[in-house]
Number of protein chains: 2
Amino acid sequence: MPKQTFFNLKEAKKERIIEAAVDEFAAHPYLKTSINRIIERADISKGSFYQYFSNKKDLYKYVIDQASDAKMKFLAQKLQDYQKLEFFELLRELFIAGIEFKREYPLFSQIGDYLLDGSNESLKEEIYADSRPKSNQFFEELLEEAVMKEEVDPNIDIKLTAFMLTDFSISIVSYFFENHNPENVDQIMDYADKMLYIMKNGIAKGDKNVIN
Amino acid sequence: MPKQTFFNLKEAKKERIIEAAVDEFAAHPYLKTSINRIIERADISKGSFYQYFSNKKDLYKYVIDQASDAKMKFLAQKLQDYQKLEFFELLRELFIAGIEFKREYPLFSQIGDYLLDGSNESLKEEIYADSRPKSNQFFEELLEEAVMKEEVDPNIDIKLTAFMLTDFSISIVSYFFENHNPENVDQIMDYADKMLYIMKNGIAKGDKNVIN
DNA sequence: ATATAATGTGACTACAAAGTCATGTGACTT
DNA sequence: AAGTCACATGACTTTGTAGTCACATTATAT
């Protein structure tokens, strides 16, 4: 947590600092980021920095928190009454929202990507200790519900499937940005649909009971 | 590429150096690795190091090459006449072999894990520029064949599916090591089967044409 | 206006890293 | 025996880092 002195600052200054930090953390993997560059960019002194934050990690975690808050809010807004959606519809919306978030908040996403990196194993664990299980659990709950509603095959291993979905919801987005134009909404849809087709029906040949 | 002087060294000394490097690169993410520690461990001088390698990256790439060679050889050995296998059988063998490789060469795998990390974006790209497309293409070819042999649904998007499979073949292994005892062979099998069930049939509810 | 508290500062310390270079050593050649 | 060549060395330079601290400035309260 940043120190009280940070929160006492004027909004404009706080923003300046956070913006500088976001830029830095999005531009370099954690280990290569430099407090020196951040304070230069934010136009504050070294001494001030250490009056606001106890160290780099402190600032980093705060920025990560801000980013994941932003993502949560974004998703919550896009998926307002997701309870009403059928499971695969929801999955579709989630994929699309993930792509949209990266498009609209590229810096936050970049920081997230670096986090996935093993830059600093223990730090990653500290942060992911919350986040990954949260995502896994989210999908586990969705799957359990969907099995009850008889939308999803009761034979699947829920924990494993949740893990797969978490993994996808990350890698999908990078695949999309690597291979497609992120402005093309039709492509997003098309892609999400292909994705879902496989998740629904698998890839084995044969008549499928579920026609997409 | 290491310099000629390195290759001129006695086998024992080369091995000592590579071993020290492997230990170091497996113990820390790239940016945190230290030439100083490597030379200390390998018991050579700073000057000598720079007579063997032009810099840290040079050594690193060499070690990565060694590791991926080892993995290729390992897989080739485990899947000797894979041409004869049915597609999903082959997939199963691949998953299992991936798990076994990590169990038998944990250091190499650890280095690979750190590589996935964004430690150094441009370096990662330099190295992955080869590796990831290679894996994608491998799966693409397998899938094309399997579609022709009518083992796999012709409706799928092959590029996308290949990407998914590459992704899985990585994440499967980490999931397994996070959640299971790597010595338990039955568990490996069980896990690979669950995995395949989903890839084959998807997760939607309904009668499946393919019974695992 | 004065006193007190809060915030700001940047030179400085301590450290570790990569990479260089002049010099040393030992084996092999002529 | 003299000379050559490949390899070995570690002190040294340069560069960057995180974090500290004595002091300066500004805001707030009395």
Side-chain angles (χ1 to χ4, degrees), chain A residues 1-21 23-25 27-64 114 119-123 126, chain B residues 1-21 23-64 114 117 119-123 126:
Chain A
M1 264 287 129
K3 301 181 181 173
Q4 187 55 44
T5 48
F6 174 73
F7 295 110
N8 293 343
L9 295 175
K10 283 181 253 171
E11 208 53 40
K13 191 166 190 177
K14 273 192 285 189
E15 273 169 25
R16 219 172 61 225
I17 294 168
I18 293 306
E19 202 186 306
D23 285 349
E24 178 69 9
F25 289 129
H28 308 276
Y30 180 74
L31 289 172
K32 253 195 179 169
T33 53
S34 153
I35 291 177
N36 290 334
R37 278 194 298 261
I38 293 174
I39 62 174
E40 195 184 359
R41 199 150 185 167
D43 198 35
I44 60 170
S45 72
K46 200 60 166 291
S48 291
F49 180 89
Y50 284 96
Q51 292 213 330
Y52 307 148
F53 308 96
S54 26
N55 50 41
K56 185 160 79 168
K57 195 165 91 176
D58 190 21
L59 168 60
Y60 185 62
K61 282 176 150 186
Y62 182 68
V63 168
I64 293 278
Y114 277 134
S119 316
N120 183 325
E121 200 58 24
S122 64
L123 174 56
E126 244 179 88
Chain B
M1 264 288 128
K3 300 180 181 173
Q4 188 54 44
T5 47
F6 175 73
F7 294 110
N8 293 344
L9 294 176
K10 283 182 252 169
E11 208 54 40
K13 191 166 189 176
K14 274 193 284 188
E15 272 169 25
R16 219 172 62 224
I17 293 168
I18 293 306
E19 202 187 309
D23 285 349
E24 180 69 9
F25 289 128
H28 308 276
Y30 180 72
L31 289 172
K32 255 194 177 170
T33 54
S34 153
I35 292 177
N36 290 335
R37 277 195 297 260
I38 293 174
I39 61 172
E40 195 184 358
R41 199 148 186 169
D43 199 33
I44 59 171
S45 72
K46 200 62 167 288
S48 292
F49 179 89
Y50 283 96
Q51 293 212 343
Y52 307 148
F53 308 97
S54 25
N55 49 43
K56 186 160 78 170
K57 195 165 91 178
D58 189 22
L59 168 60
Y60 184 62
K61 282 176 151 187
Y62 182 69
V63 168
I64 293 279
Y114 277 136
D117 310 341
S119 316
N120 182 327
E121 200 55 27
S122 63
L123 174 56
E126 246 178 87

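Here is the naming used below: chain letters follow the sequence lines, and residue numbers restart at 1 for every chain.
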When you look at NZ of A:K57, are more than 12 heavy atoms from neighbouring residues, nucleotides or ligands closer to it than 6.0 Å? no
Row check, A:Y30 ring normal vs A:K56 NZ/CZ: under 6.0 Å, within 45°: yes
Counting only N and O atoms by type, is there a donor-acceptor contact under 3.5 Å from the side chain of A:T5 to the main-chain atoms of A:Q51? yes
If I take atom OH in residue B:Y50 and atom P in nucleotide C:dA17, what distance separates them, rounded to the nearest angstrom? 11 Å
What nucleic acid atoms does B:T33 come within less than 4.0 Å of, heavy atoms only: base, sugar-phosphate, or nothing? sugar-phosphate
Could you tell me the separation between the NZ atom of B:K32 and the C1' atom of D:dA18, rounded to a whole number of Å? 13 Å
Of A:N36, A:I38, A:I35, the one forming a side chain to side chain contact (heavy atoms under 4.5 Å, CB included) with A:E24 is A:I38
Whole angstrom value for the distance that separates C1' of C:dA17 from CG of B:N55: 14 Å
Ring geometry between B:F6 and B:Y62 (parallel below 30°, tilted from 30 to 60°, perpendicular above 60°): perpendicular
Separation of A:I35 atom CD1 from C:dG10 atom P, in whole Å? 17 Å
Tell me yes or no: between the side chains of B:Q4 and B:N8, is some donor less than 3.5 Å from an acceptor? yes
Atom pair distance, as rounded to whole Å: CG in A:N36 and P in C:dA16: 17 Å
Just how far, in rounded Å, is C1' of D:dG19 from CG of A:L59? 15 Å
Between D:dT17 (C1') and A:E40 (CD): distance, integer Å: 14 Å
Can you give one letter per nucleotide of nucleotides 5-14 of chain D, going 5' to 3': B for a protein heavy atom under 4.0 Å from the base, S for sugar-phosphate only, - for none? --BBBBB---
Do any side-chain nitrogens or oxygens of B:R37 fall under 4.0 Å of OP1 or OP2 in C:dA16? no
Starting at atom CG of A:L31, determine the distance to atom C1' of C:dA17, rounded to an integer number of angstrom. 13 Å
